[in-house]
J.: 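Please see the structure below; I have some questions.
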There are 2 protein chains.
Amino acid sequence: MGHTYEYARPALAVDVVVFALDDEDLQVMLIQRDLPPFAGQWALPGGFVRVAETLDAAAQRELREESGLEGIFLEQLYTFGDLARDPRERVVTVAYYALVNLAGHDVRAGTDAKNAAWFPVGELPDLAFDHCRIVDAALARLRGKVRYQPLGFELLPERFTLRQLQHLYEIVLGRPLDKRNFRKKVLGMGILKDTREIEKDVAHRAARLFRFDERAYERLKRRGFLFEL
Amino acid sequence: MGHTYEYARPALAVDVVVFALDDEDLQVMLIQRDLPPFAGQWALPGGFVRVAETLDAAAQRELREESGLEGIFLEQLYTFGDLARDPRERVVTVAYYALVNLAGHDVRAGTDAKNAAWFPVGELPDLAFDHCRIVDAALARLRGKVRYQPLGFELLPERFTLRQLQHLYEIVLGRPLDKRNFRKKVLGMGILKDTREIEKDVAHRAARLFRFDERAYERLKRRGFLFEL
DNA sequence: CCAAAAGTGTTAAAACTACACCCATGA
DNA sequence: TCATGGGTGTAGTTTTAACACTTTTGG
């Protein structure tokens, strides 16, 4: 066995930065490595791209294998190609970022990894390879993009309160927002559908539950509407 | 010679979409291929990444070798990894886009290519591989980014008139802008430096020449200023 | 009845849009 | 003197930002 090429080739990998929203902060999923290099250290889920597999498929597969997550929002971020990012040999990695709502999905350790866990984005441990840079890039992308595209809903359960939505934006953008102005603006867009249901089991007045109305959003977008928050 | 790996690896390439501004429209630089596959067809400048070369370096090198362009704005765009994008074998390509001002640089055909030429972005010939998709992605990125980052100046000579700047935005954004409002806004940002010079050899009143004030822009950015047009 | 969050309008300031004329220059 | 673009201000409208109290619910 073995594959021979005329010129040396970099290895090609994918890595995924998975974000989720806790009550308190934005979290990133990390995997504790059980193989060298960096055995025992925390790293992003990821691995090598197979020769007959698209990049998106590789990212999805690694995510599934290492964390059990499936069917979540996944988007290509940036490709990292520094010469010494992997001590073994030249590895170029196509980084992705993903958004998931913690309520709807369980994370379990997969076959390639000892352990998977969530860490607040501000308190990450030392990461293997250049994964720290990748997380920084993903965070910058999320912060920039969340204001102009309705990504935030991916971090919430299907039905959510306006308070949850505002809280999400406050955490991602890192600054407080005015409650009345926020509600006025987001309701005025016409992309939220009132489910006519309310929260349960809360120790205060229950809030209405909304759903992101994808159809309405697509319709508005075609008419030139721009999401902006 | 030959390099052997345990698992088959995709080949890794870079391709560059170079934009320049003509009086009339946005142009893209293409290379006429002299080797199969797609011999004789037009394609983006690009080629394989060497094993000891970063992605940015590979993009710069290919640009220099195939078009003679050097020292211009270059930014990673997206990585394309469809299975059949190259008929020979699996090739993943990291696409870049570049901005250049036509006045300051000559384009000449390089060693790997028969011919280099500019085409208006709306009238491109059939392109090799999936290069049409790559151009579309680059154009979308340029259109989106030019409003929020001072990229446009890369397409103009170092000293330019407000008319040239407005014209650039009209072409890239594809809609007319109001002259007075445009000037008010862009001058109000404080990122243009009046060179105290004026146009030469024009058959009408000569306009003042401005320069993009990088220092002022960086200073303002640190204080939370956001470029927006 | 207390704690906690839901829900709701107004006003002032700032930003945006639309719009038209005189000026300087070279041909 | 004509053609071409340079340069300039205002008014109406829209958007944004700041701000506080009453209501509902469960404990």
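Per chain, numbering begins at 1; letters A, B, ... match sequence-line order.
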J.: Measure from the side-chain N and O atoms of A:Tyr96 to the backbone N and O of A:Leu77, and report whether any donor-acceptor pair falls under 3.5 Å.
T.: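 The answer is no, because no donor-acceptor pair under 3.5 Å joins these two groups.
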J.: Can you list everything that forms a salt bridge (charged side-chain N to carboxylate O under 4.0 Å, His left out) with A:Lys193? Sequence neighbours excluded, please.
T.: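 Not a single residue meets the salt bridge (charged side-chain N to carboxylate O under 4.0 Å, His left out) criterion with A:Lys193.
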J.: Please give me every residue in residues 200-208 of chain B whose heavy atoms get under 4.0 Å of an atom in DNA chain C, ordered by residue number.
T.: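 The answer is B:Val202, B:Ala203, B:His204, B:Arg205.
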J.: Quick one: salt bridge (charged side-chain N to carboxylate O under 4.0 Å, His left out) partners of B:Asp194, sequence neighbours excluded?
T.: B:Arg208
J.: Using chain B heavy atoms and a threshold of under 4.0 Å, write down where along DNA chain D the contacts begin and end, 5' to 3'.
T.: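 Contacts span D:dT4 to D:dT10, reading 5' to 3'.
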J.: So which pairs with a foot in residues 211-229 of chain A pass side chain to side chain donor-acceptor pair (under 3.5 Å), sequence neighbours left out?
T.: A:Glu158-A:Arg211
J.: Tell me which residues in residues 173-195 of chain A lie within less than 4.0 Å of DNA chain C, going by non-hydrogen atoms.
T.: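 The stretch gives A:Lys179, A:Arg180, A:Arg183, A:Lys184 as the residues lying under 4.0 Å from the strand, ordered by number.
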J.: Measure the spacing between CG of B:Leu44 and OG of B:Ser67 and express it to the nearest 0.5 Å.
T.: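 Result: 11.5 Å between the selected atoms.
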J.: Could you go through residues 166-174 of chain A and list every donor-acceptor pair under 3.5 Å that involves a side-chain atom there, pairing it with any protein atom two or more places apart or in another chain?
T.:
from, atom 1, to, atom 2, distance (Å)
A:Gln166, NE2, A:Glu170, OE2, 3.1
A:Gln166, NE2, A:Leu177, O, 2.9
A:His167, NE2, A:Asp23, O, 2.6
A:Tyr169, OH, A:Val146, O, 3.3
A:Glu170, OE2, A:Leu177, N, 2.9

J.: On the 0 to 90° scale, with breaks at 30° and 60°, tag the B:Phe119-B:Trp42 ring pair as parallel, tilted or perpendicular.
T.: perpendicular
J.: Name all residues meeting the side chain to side chain donor-acceptor pair (under 3.5 Å) criterion together with A:Asp82; count only those two or more places apart in sequence or in a different chain, and write none if there are none.
T.: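 Checked A:Asp82 against side chain to side chain donor-acceptor pair (under 3.5 Å); matches are A:Arg133.
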J.: Mind checking what makes ring-ring contact (aromatic ring centres under 6.0 Å, His included) contact with A:Tyr148, not counting sequence neighbours?
T.: B:Tyr148
J.: Taking only residues two or more places apart in sequence or in another chain, which ones pass salt bridge (charged side-chain N to carboxylate O under 4.0 Å, His left out) with A:Asp136?
T.: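 Checked A:Asp136 against salt bridge (charged side-chain N to carboxylate O under 4.0 Å, His left out); zero matches.
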J.: Identify, with sequence neighbours excluded, every residue that meets salt bridge (charged side-chain N to carboxylate O under 4.0 Å, His left out) alongside A:Asp130.
T.: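 Expected list: A:Arg85.
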J.: Establish, yes or no, whether a centroid distance under 6.0 Å links the rings of B:Phe160 and B:Phe153.
T.: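 So the answer is yes for these two rings.
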J.: 5' to 3' on DNA chain C, which nucleotides open and close the contacts with chain A (atom under 4.0 Å from a heavy atom)?
T.: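 From 5' to 3', the first and last contacting nucleotides are C:dA4 to C:dT10.
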